[in-house]
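FYI, side chains are in, hydrogens and waters are out, and symmetry mates aren't considered; it's all heavy atoms of this structure.
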Amino acid sequence: MRALTYQGKRDVRVETVPDPKIQEPTDIIVKITATGICGSDLHLTEVLGPYLDPGDILGHEPMGVVEEVGREVTAVAPGDRVVIPFNVSCGHCYMCGSGLHSQCETTQVRERGMGASLFGFTKLYGQVPGGQAEYLRVPFGNDLPIKVPHGPSDDRFVYLSDVLPTAWQAVEYADIPPGGSVTILGLGPIGAMAARIARHRGADLVIGVDLVPDRLDRASRHGATCLDLRRYAKGKELGDAVRDLTDGRGTDAVIDAVGLEAHGSPVAKAAHTAVGLLPDALAQRMMETAGIDRLAALHAAIDLVRRGGTISVSGVYGGSADPMPMLTLFDKQIQLRMGQANVKRWVDDLLPLLTDDDPLGVDSFATHHLPLEEGPQAYNTFREKADGMIKTLLIP
């Protein structure tokens, strides 16, 4: 089959690789019909390369049609249409039963001290082959796949794999009071969808912050009050702008949908670059003991949130020695919630919204639909934030 593979920093290629096979009686094989490119995919090829091997198959936002099932699979059958969550979760352990599918005890990567395995990620998360490919082996075929109806286009359902549950959890964790306010830092796919969900769930004021005009324009059209970060480059200027909109307090909540790629930290950027030049084994030890993130977005969130408010972090961070302003966090009585989305936890909330009325605008959410073979160029375009690219679906 053809699959998009990691080959080195900023180097991904579509190659011919062996077809996946049934390995366990509860496995299924899915023929992929659409698969998204996520900001996390860029993180993998930029910062987390030391945990990848050349040839690893990327991608964690797939859907398709069941091609083959193991002998113990009864919940789906060949021909069924399914979305595959990015968490590899069993559905039966204590953590899954608690709605913490990203901490699944069956697939935790214990040798690394990490949570549940993830499709298309790194050795930190099980090094499971991903979904930017023509076919995907999916374990736990009776519990993991999300069965969806035939008929509507893939755009209606594919975001159940990651974007929708990640954005929903970000808003849930933000704990915005009825009629309240939230600032969303970063209006890429997750931030943009979180803004729509926050409005849908009753937030009166949704402030979106980014520096890419296309992202700002799109969020504005969906009801967000947008602030162009390029206008607020010094000190407290962004905080003052948010406080001006909120009677001097700051918003009830802030969602950090940026993570480690934030602008404004030359020291951390230099550290990332230096680590990328080290041999993989040494780079891994450095990241696990002395790694630092570019924390501009998280530090901004601490400034923007009102006293007694909540910060919800959905952007990915990877540092282990990050400096945090604990005095300010404590003094402002800030609540902080974060983590990988527990996809299956939120499916029942989200499926009723994927109707022909399309209240979240999923049918038109993708800005680009491209053949899988154009995946490497799409990665470059997305990295450069060019051509109006905000969300791309690859079609194998």
Using side-chain heavy atoms (C-beta onward) and a distance below 4.5 Å, is [X] in contact with [Y]?
X	Y	result
Leu245	Arg243	no
Lys391	Val163	yes
Pro376	Leu4	yes
Leu360	Ile197	yes
Gln132	Ile37	yes
Leu164	Trp346	no
Met324	Leu298	yes
Phe86	Gln340	yes

Q | With Asp357 via side-chain hydrogen bond (donor to acceptor under 3.5 Å, both in side chains) - residues at least two apart | A | none
Check whether any side-chain N or O of [X] sits under 3.5 Å from a backbone N or O of [Y] as a donor-acceptor pair, and report yes or no.
X	Y	value
Lys344	Asp143	yes
Asp80	Ala77	yes
Ser98	Leu100	no
His101	Leu144	no
Ser117	Val88	no
Asn142	Ala75	yes
Ser312	Ile255	no
Asp56	Asp53	yes
Thr367	Ile390	yes
Lys332	Ile302	yes

Considering non-hydrogen atoms only, spot the tightest contact between [X] and [Y] and give its length.
X	Y	value
Ile190	Ala167	O-CB, 3.8 Å
Phe119	His60	O-CB, 3.2 Å
Leu393	Gly36	CD2-CA, 3.8 Å
Thr45	Tyr379	CG2-CE2, 4.3 Å
Gly55	Thr5	O-CG2, 3.7 Å
Met1	Pro20	SD-CD, 3.6 Å

Pairing donors with acceptors under 3.5 angstrom, does anything connect the side chains of [X] and [Y]?
X	Y	value
His222	Arg196	yes
Thr183	Thr251	yes
Asp387	Thr381	no

Nearest 0.5 Å, what's the [atom1]-[atom2] distance between [X] and [Y]?
X	Y	atom1	atom2	answer
Lys123	Glu111	NZ	CD	11.5 Å
Ser40	Tyr125	OG	OH	10.0 Å
Ser181	Arg306	OG	CZ	7.5 Å
Gln7	Leu58	CD	CG	9.5 Å
Leu372	Thr35	CG	OG1	8.0 Å
Lys147	Phe157	NZ	CZ	13.0 Å

Q | Residues in side-chain contact (heavy atoms from CB on, under 4.5 Å) contact with Gln23, at least two apart in sequence or another chain | A |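 In terms of side-chain contact (heavy atoms from CB on, under 4.5 Å), with neighbours along the sequence ignored, Gln23 is linked to Asp27, Arg137.
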Q) Val148 pairs by side-chain contact (heavy atoms from CB on, under 4.5 Å) with which of Val82, Leu160, Leu354? A) Leu160
Taking [X] first and then [Y], would you say they form a salt bridge - that is, a charged N and a carboxylate O separated by under 4.0 Å?
X	Y	answer
Arg383	Asp41	no
Glu172	Arg345	no
Arg13	Asp11	yes
Asp358	Arg156	no

Are [X] and [Y] joined in one hydrophobic group, where the rule is that I, L, V, M, F, W and Y side chains link up if heavy atoms are under 4.5 Å apart?
X	Y	value
Val83	Phe121	yes
Phe382	Leu370	yes
Leu351	Met63	yes

Q.
Are there over 12 heavy-atom neighbours, none belonging to Gln333, within less than 6.0 Å of that residue's CD?
A.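 Incorrect, the count does not exceed 12.
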Q.
If you count heavy atoms of other groups shown closer than 6.0 angstrom to CG of Asp356, is the number above 12?
A.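 Check fails, neighbour count at 12 or below.
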Q. Does the side chain to side chain contact (heavy atoms under 4.5 Å, CB included) test come out yes or no for Arg81 and Asp154, once each step is laid out?
A. CA-CA 10 Å; Arg81 193 182 192 195; Asp154 284 353; 2.7 Å; yes
(Q) Can you list everything that forms a ring pair (Phe, Tyr, Trp, His ring centres under 6.0 Å) with Tyr159? Sequence neighbours excluded, please. (A) Phe365
